[in-house]
Each structure stands twice: as structure tokens, then as C-alpha cells.
Protein chains: 2
Amino acid sequence: MADVRGGDLSRLRQLNSLTAIRALRKAGPLTLSALAERAGLSRPSMKEVTDELMRLGWVEEVPPSQGTMGRPARRYRFRADSGHLVGVDIGGHNIRAALSDLDGEILAETRQPVRPDAPLEERLAAIERAVAGCLALSRTTVADVWMISVGTIGVIDVAGRVIYSAAVPAWRDLDLAGELRRMFPWQVLIENDSRLAAMAEARRGVARGARDVVFLHVGRRMGAGLIIGGKVHRGFGAASGEIVMLPEARWFNAPEHLHTCASVPAGTPPEDAAGYTLAAARNGDPVAIEAVERYVEDLAVGTAAMVLILDPQMVVLGGGFSRSADVLLEPLRERLEARCMRMPEMRASTLGDECVVVGAIDYAVNHLDDQLFTTDNGPLPLTR
Amino acid sequence: MADVRGGDLSRLRQLNSLTAIRALRKAGPLTLSALAERAGLSRPSMKEVTDELMRLGWVEEVPPSQGTMGRPARRYRFRADSGHLVGVDIGGHNIRAALSDLDGEILAETRQPVRPDAPLEERLAAIERAVAGCLALSRTTVADVWMISVGTIGVIDVAGRVIYSAAVPAWRDLDLAGELRRMFPWQVLIENDSRLAAMAEARRGVARGARDVVFLHVGRRMGAGLIIGGKVHRGFGAASGEIVMLPEARWFNAPEHLHTCASVPAGTPPEDAAGYTLAAARNGDPVAIEAVERYVEDLAVGTAAMVLILDPQMVVLGGGFSRSADVLLEPLRERLEARCMRMPEMRASTLGDECVVVGAIDYAVNHLDDQLFTTDNGPLPLTR
DNA sequence: TTGACTTACGAAGGAGCGCTTCATTAGTAG
DNA sequence: CTACTAATGAAGCGCTCCTTCGTAAGTCAA
């Protein structure tokens with residue numbers, strides 16, 4: 001409804017160009033006839049459209065497919081390499097970066113370890129190194145990149161300023177968007193990491209195709225990301241998904257059950273304790289099993305709140321502990337069934353550690369699509 | 001993004017027609033020049049567009065405004081009366097109906113009392129009487145109406161079947177949409193009453209203009225309605241907003257604090273007890289004040305869950321008890337401030353008892369707008 | 001009442017975009 | 001080598017919007 005606007009003939013051409021681009025992005029290389037049919041245009045018209053798109057660098061010809069009847073048809077494909085996107089995951093211990101083409105196809109990935117208590121400069125330098133590494137790996141220059149999309153823990157306000165970050169002390173009150181704009185001459189997007197992970201699941205993970213998704217980040221810290229109507233739901237102050245802050249939802253202290261389980265041998269480093277408990281539960285250790293049960297019991301309360309409030313199509317279990325989804329998913333389902341009106345589908349994430357970087361890329365692709373296909377902004381967003 | 005599609009010249013005209021309609025709906029009667037400017041068209045083109053719209057019955061001329069410089073300009077207005085919408089609120093004790101024009105301007109309203117335990121036939125007959133009354137009052141015929149939009153308590157599935165309704169026994173498992181289609185030859189919409197009330201607040205009430213709104217239905221029964229991105233959020237199985245089902249959210253039994261307050265004289269009918277307590281608290285009765293405090297304490301938990309999860313722009317306090325918002329709103333705000341990361345604006349509903357009927361109308365208008373302005377469906381949705 | 005000024009109207013001519021049609025071309029199948 | 005298939009490219013048409021310009025219908029001031 002927002003993007004109905006009138007205009008002259010050139011607008012029609014713009015619309016048809018975008019339709020063509022979209023069809024090519026979705027369905028790979030297409031012949032002129034196929035493209036024309038999909039877009040509802042005649043072939044001669046579509047020819048002009050593709051000619052223009054080729055001139056502008058959005059589309060290129062590929063060799064015709066062989067072995068077909070009749071004269072071989074030209075085929076066109078979207079030039080996903082006419083621009084590039086960078087995704088970054090700023091975690092406590094690691095900074096991951098990835099570079100992708102405009103389709104979100106990942107072309108290079110790097111990782112830079114960083115101490116959680118590293119001062120600001122060190123952390124920013126690590127980001128710069130990670131991104132530079134990606135560019136070098138894929139032989140891409142700064143000018144080839146259009147957008148950088150960053151995910152980080154904590155609450156980031158609408159302007160890209162870090163409001164709150166329990167895990168990374170140096171991060172608090174930082175104008176992250178400003179820093180990034182200083183470092184890179186690209187459009188800057190910033191989002192909370194749980195929301196980006198949710199995005200990744202909804203676009204290429206186990207929740208592909210679902211419009212309303214609740215993503216549970218279960219790990220040493222708890223978090224949640226919401227996809228509503230196929231889009232990241234940030235909330236008015238970019239503070240959505242913070243159910244962990246509500247004591248009655250019992251998320252905040254839930255991981256304690258796993259960390260302090262009596263089965264864990266003394267001297268286990270704290271970051272390994274939960275993993276140990278989960279493994280022990282898998283192997284039948286009754287003490288560990290009980291700890292996991294208490295954990296899931298708490299986890300279920302906050303999760304039920306989200307399910308009851310939103311009635312999502314799917315709940316995805318992600319985050320560090322989701323490697324133990326075999327021990328967690330079934331008990332969680334049982335407890336939710338007792339609490340919820342309508343049970344959503346429940347699945348475990350399969351994307352692993354790259355899930356936030358990948359989500360950052362997907363978020364950028366989504367953003368780009370909006371810019372391209374929301375016909376409001378600007379004349380026509382085609383470049384050379 | 002979903003509604004970018006190519007097309008020929010007629011599509012451009014369609015786009016421009018819709019733009020004109022939208023401008024006229026939003027900004028009242030406009031001259032040709034004003035209209036052309038808003039739509040970004042030249043005057044001659046806009047003239048043709050309006051000519052066509054007048055031929056089709058969507059638009060009509062009004063007398064030119066006087067006292068202006070230069071030759072008086074023709075003015076056009078959207079003919080909101082070229083179609084009508086019916087809204088119905090099926091409550092436990094009352095059935096309300098309203099008839100509006102396409103702008104949602106209410107032209108007639110009726111109310112039919114009905115016993116909560118009335119059998120199905122009686123209830124359906126009351127609906128029919130209420131609607132017929134509206135038509136008679138406004139001298140509208142069945143053929144003038146396009147759509148009926150119904151709000152009712154309980155959970156209604158996506159197909160319009162009542163899944164669950166604690167308050168109205170006869171309602172359970174009813175194919176309400178089917179019944180309504182049998183009764184009226186109109187397009188049928190069904191929604192939960194809390195969601196419709198939320199819609200009313202977001203379109204014409206205290207939350208006007210807000211995109212993300214949490215509406216609290218506080219009364220003898222508790223409920224919630226969500227507006228996300230300016231639209232009613234139903235959830236995948238139309239079961240959103242049911243936080244009352246979660247014991248830990250402490251909504252379900254919250255009204256008990258008001259009903260069983262020691263200040264209430266013996267013999268007070270149960271439906272008046274809460275009102276009595278709230279009034280007593282307003283007058284400074286310490287026992288009642290304490291009961292209200294306990295009530296708000298519980299109310300705040302479920303509300304905080306919604307605010308933390310969604311981070312809405314605004315929370316609206318509605319439902320029967322919202323008449324006592326002066327006693328409730330401030331304490332609720334205090335408790336939320338202690339729990340939430342970012343405080344949403346908080347307001348009390350002002351729409352009163354008609355809020356659900358009005359919301360039903362607004363929902364229908366919204367739906368109509370979607371049909372009109374989502375350029376996908378059908379050729380061009382213009383009628384005579 | 002008249003003349004200057006302002007603003008809208010309506011008709012004419014032109015440009016851009018998409019459509020249909022048809023002869024031509026480049027393959028495969030027998 | 002011929003028949004068949006399917007895409008190509010050019011020509012001509014119609015629709016929608018644009019610009020331009022002379023005309024019409026008001027207000028304002030003398």
C-alpha cells in the first residue's frame with residue numbers, strides 16, 4: 001500500500017526492469033521468451049528492457065542451452081557480481097567477516113580472534129583486518145562493495161549506537177555506526193546478532209519460507225530474534241526480543257542449571273561446563289539429566305510467552321547449546337505443548353557458528369531488495 | 001517488494017488512478033492541479049484519470065471553493081458512499097453492528113441484547129437483526145454493502161471457525177464465516193475482538209499513527225491485541241496475543257484481586273465487584289487500594305513480557321476497566337519502568353464500548369485498502 | 001464599470017513504451 | 001536435403017503522458 005505511486009512512462013520501464021531483475025535473481029538464467037512470459041510482457045518489449053539492463057551492467061548474456069528444438073534462444077542472467085556485500089559478526093571472542101555477491105552467495109570468509117576485554121581500538125582494528133582479509137581473499141576492492149551489515153551482541157539503538165552490552169565492556173555507549181562509516185565508505189547496517197541469526201534461518205536455514213519465526217539463542221547468554229512478516233522485527237527502539245530481562249520468564253538464570261550441575265568435574269573451565277552437562281545428559285547421567293530438565297523447564301517459560309504472544313509458524317533453536325538439540329528439543333516441545341494454544345513447528349538450527357555472519361549478509365540482501373523493489377526511493381537505482 | 005509486477009500502459013493508468021483515489025481519500029476534496037501535483041502527473045493527464053474515475057463512479061465533482069484568486073478550479077472528492085461496510089461486535093451480552101462508508105465514517109449503529117447462554121440460532125438471529133437495523137437506519141440496501149467484518153471473543157482460526165470461546169458456549173466449533181456467508185452475500189472478515197479494538201485505537205484512537213501497538217484488554221476477562229507494522233498481527237494460526245494462557249504471566253487470575261476485595265459489600269453482583277473496588281480505590285479506601293496494587297502487579301508481568309518481546313511504540317489500556325485508567329495507568333507505568341528496557345508510551349483508550357465495532361469497520365477499511373492498492377489482485381478493481 | 005492580474009481549462013502536437021505482425025534465421029529430426 | 005521448430009529483428013500501431021499555448025472565469029483596484 002505504501003508504494004503505489006503514479007508516474008510517467010519511464011516509471012513503467014523502471015517497473016519492468018525491476019520485474020526482470022527479480023525474475024532473473026529468482027529463477028537463474030532465462031531466455032527472453034521465458035522472461036517475457038514471467039513478467040507479462042511481449043518479447044520485443046522485454047528485449048529492450050534486457051538491452052538496457054545489459055548496458056547498465058545488471059544483466060549479462062550466457063551461452064544458449066544446447067540440444068533444444070528450434071533456433072537457440074539467448075539466455076540472460078543477473079550479474080550478482082556487479083556489487084558486493086560485507087557481513088560482520090562482532091562476538092565476544094571472535095570477529096567474523098564474510099563477503100558475498102548481491103545474491104548473498106558467500107565468496108570469502110575470515111575470522112579474527114579478539115579478547116573480550118580488548119580496548120575499543122583493538123577491537124575496531126580487528127574488524128578492519130577481518131574485512132580487509134575478505135576483500136583480499138576474493139580479490140575485491142573497496143569500490144566493489146556497496147554495503148556492510150554488522151551484527152553484535154547487546155542492544156543497539158535505531159541510529160546505530162550501542163545502548164547496552166553486558167558482554168563487551170568497551171562497547172557501551174559507542175557510536176558503532178559512526179565508527180564503521182569512518183572506516184568504510186559503504187552503506188552501514190547494524191543489527192542485534194540474535195535477529196540476524198533469525199534472518200539467516202528464515203532465508204536459508206531450517207525456517208526457509210516461514211514468514212513468522214521466533215529464533216531462540218540458547219547459550220551461555222540467552223537471546224531471541226523475531227522475524228515477522230518475513231522481516232526482522234526490531235521494535236520501536238530496536239529493543240525487541242529482550243524477554244531475558246523479565247525475571248518471571250525465567251530465562252536469565254536458566255543457563256545456571258547447566259553450569260553448576262554436580263556432574264561437572266571440578267576445574268572445568270566455566271565456558272565448557274554447560275557443554276559437559278549436556279553431553280553427560282546425552283549419555284544418561286541422571287544428575288545431568290535432571291539439570292537439563294530444570295534448564296528446559298525455565299527455557300520453556302520465556303519461550304511459551306513468545307509463542308503465546310506471537311503465534312509464530314516456527315520456533316528455531318539456535319545458539320551454542322543448539323549443538324545439543326537432540327537433548328533439548330524434545331523436552332522443550334513437551335513443555336510448550338502443555339502451555340501453548342497452538343504449537344508452532346520446532347526445529348534446531350543447522351547453520352552453526354557462521355549463522356550471524358550469514359544472517360548479516362542476508363539482512364543486507366533483504367535491505368538491498370527493499371531498496372531495489374520498493375519503488376519509492378529515488379529515480380531508478382541502477383548503476384554502472 | 002511483493003507487488004512489483006510489470007505490465008503495459010493500462011497498468012500505468014491503473015497505478016495513476018489508484019494514486020488519485022488515495023490522494024483524494026487522504027486529503028479530502030482536491031482541485032485538479034493539487035491532485036496532479038501530489039501524484040506527480042501533469043494536469044492534462046490527471047484530467048483524463050479523473051474523467052475515467054468519474055465515469056466509473058469512484059469520484060465526483062464538488063462545487064469549487066470561492067474567494068480564491070483566478071479562475072475557480074474544479075474540485076473532486078472520493079465518493080466514499082459508492083460502497084458500504086458493516087462491522088459487528090459479537091459480545092457475550094450484546095451484539096453491536098455499525099454501517100460505514102468506504103472511508104470508515106460511521107453512518108448507523110445498532111445494538112441487540114442477547115443472553116450469554118442463548119442458543120446458536122438465537123444469537124445468529126440477533127446478528128441478523130442488528131445488521132438489518134443498520135441498513136434500515138441508513139436507508140442502505142444489501143446490494144450497497146461490500147464487506148462485513150466481525151469481531152468476537154475467543155480464538156478463531158484462519159478459515160473463520162471458532163476454535164475456543166470460554167465466554168459463549170454456543171460458539172464453540174462453529175463455522176462462523178460459513179454462517180455469515182449464508183446470511184449475507186458479502187465478503188466476510190472475522191477477527192478476535194481484542195485485535196479489532198487495537199485496530200480502532202491505531203487508526204482513530206489514542207494510538208493513531210503508531211505502527212507497533214500493544215492493546216491491553218483489561219476487564220473481567222483479559223486479552224491483548226497486537227498491531228505490528230500498522231497491521232493486525234494474527235499469528236500463523238490466528239492465535240496471537242494469548243499471553244493470558246501462561247500462568248507465569250499472571251494475567252489469568254489477575255481480575256480476582258478486584259472481584260474478591262474485602263471492601264466490596266456482600267451481595268454485589270459479580271459483574272459489578274471490580275468496578276466497586278476500583279471506585280473505592282479512587283476514593284482512598286486503603287483495602288481497595290491494596291487490591292488494585294496486587295492487580296496491577298499481576299497485570300504488569302504479562303504486559304512487560306509483551307513490551308520486552310515486541311518493543312512497541314505504544315501500549316494502550318482498553319477494555320471495561322480502562323474507565324478506571326486514572327487509578328491503573330500510573331501504577332502500571334511504574335511497574336513497567338522497573339521491568340522494561342525501553343518504556344513505550346502508555347495511554348488509556350478513549351473509544352469506549354463501541355471500540356470493537358469501530359475496529360471491525362477499520363479492519364474492513366484496511367482490508368479494502370489492501371485490495372485496492374496492492375496492485376496484484378485482478379485487473380483493476382473499479383466498479384460501477 | 002473597466003482593466004490588470006491570477007489561475008484554471010481545453011485542444012493540439014509530440015515523445016516514449018509496449019503490442020502485434022511477419023519475414024528471416026538458426027538450429028534439430030527424419 | 002527437406003520439413004519442422006522456435007527465436008530474431010524490423011515495421012507499424014495505439015495508448016499514455018508531456019509540453020505548449022490560446023482562452024475562460026474569477027478577484028482586485030481604480
Side-chain angles (χ1 to χ4, degrees), chain A residues 4-21 23-24 29-56 59 61-77 375 379-380 382, chain B residues 4-21 23-24 29-56 59 61-77 375 379-380 382:
Chain A
V4 172
R5 278 202 28 227
D8 60 0
L9 291 291
S10 67
R11 185 172 164 70
L12 193 53
R13 167 56 64 91
Q14 179 193 354
L15 231 58
N16 285 331
S17 299
L18 293 178
T19 310
I21 289 182
L24 287 177
L30 288 174
T31 69
L32 214 49
S33 317
L35 205 45
E37 194 186 0
R38 270 165 208 261
L41 294 189
S42 68
R43 246 231 328 285
S45 306
M46 188 46 87
K47 180 66 165 51
E48 277 194 43
V49 170
T50 48
D51 282 353
E52 186 180 338
L53 288 175
M54 279 177 62
R55 240 189 14 260
L56 291 164
V59 155
E61 230 180 303
V62 296
S65 56
Q66 299 197 321
T68 61
M69 268 301 215
R71 177 172 177 168
R74 288 180 168 178
R75 288 193 310 163
Y76 300 88
R77 76 176 194 90
T375 46
L380 66 168
L382 307 177
Chain B
V4 172
R5 275 199 30 226
D8 60 359
L9 291 293
S10 68
R11 184 172 165 71
L12 193 53
R13 167 57 64 90
Q14 178 195 354
L15 230 59
N16 285 331
S17 299
L18 294 177
T19 309
I21 289 182
L24 288 176
L30 288 175
T31 69
L32 215 48
S33 317
L35 205 45
E37 195 185 359
R38 270 164 209 263
L41 293 189
S42 68
R43 246 234 326 288
S45 306
M46 188 47 87
K47 179 63 164 52
E48 276 193 43
V49 170
T50 48
D51 283 352
E52 187 181 336
L53 287 175
M54 279 178 61
R55 244 190 10 262
L56 292 163
V59 155
E61 229 179 304
V62 296
S65 56
Q66 299 196 322
T68 62
M69 266 304 211
R71 176 173 178 169
R74 288 180 168 177
R75 288 193 309 163
Y76 300 89
R77 75 174 193 91
T375 46
L380 65 169
L382 307 175

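Sequence lines set the chain letters: A, B, ... in the order given, protein chains first and strands last, and positions in each chain run from 1.
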Hey, does the side chain of [X] come within less than 4.0 Å of [N]'s phosphate (OP1/OP2), counting only N and O?
X     : N      : value
B/R43 : C/dA8  : no
A/N16 : C/dC17 : no
B/S45 : D/dT16 : no
B/R13 : D/dC17 : yes

Practice prompt. Please figure out whether B/L9 or B/R75 has its closest DNA chain C nucleotide nearer the 5' end.
Written response: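 Going by which nucleotide is closer to the 5' end, it is B/R75.
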Worksheet entry | Closest to side chain of B/P44, choosing from C/dC19, D/dC17, D/dT19 |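 That would be D/dT19.
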Fill in: Out of C/dC17, C/dG18, D/dC28, whichever nucleotide has its closest atom nearest the side chain of B/M69
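Nearest nucleotide to the side chain: D/dC28.
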Worksheet entry | Over all atoms of both residues, closest heavy-atom pair of A/L35 and A/A23 |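 Of all heavy-atom pairs spanning A/L35 and A/A23, the closest is CD1-CB, 3.8 Å.
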Answer yes when [X] and [Y] have at least one side-chain N-carboxylate O distance shorter than 4.0 Å, and no when they do not.
X     : Y     : result
B/R43 : B/E37 : no
A/E61 : A/R77 : no
A/R55 : A/D51 : no

In whole angstrom, what separates [X]'s [atom1] from [N]'s [atom2]?
X     : N      : atom1 : atom2 : result
B/L30 : C/dA8  : CG    : P     : 12 Å
B/L32 : D/dC17 : CG    : P     : 13 Å
B/R11 : C/dC19 : CZ    : P     : 12 Å
B/D51 : C/dA11 : CG    : C1'   : 14 Å
A/E52 : C/dC17 : CD    : C1'   : 11 Å
A/K47 : C/dC17 : NZ    : P     : 15 Å
B/L41 : D/dT19 : CG    : C1'   : 14 Å
B/E61 : C/dC9  : CD    : C1'   : 12 Å

Worksheet item: In terms of the nearest nucleotide of DNA chain D, which residue is placed more toward the 5' end: A/P72 or B/V49?
Response: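 Looking at the nearest nucleotide for each, A/P72 comes out on the 5' side.
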Fill in: Contact nearer the 5' end of DNA chain D, comparing B/S42 with B/R71
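Upstream on the strand: B/S42.
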Practice prompt. Scan B/T31 against the nucleic acid and name what it touches under 4.0 Å (heavy atoms): base, sugar-phosphate only, or nothing.
Written response: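 The answer is nothing, as B/T31 stays clear of every strand by at least 4.0 Å.
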Fill in: B/R74/B/K47 under side chain to side chain contact (heavy atoms under 4.5 Å, CB included): CA gap, chis, key distance, verdict
CA-CA 10 Å; B/R74 288 180 168 177; B/K47 179 63 164 52; 3.5 Å; yes
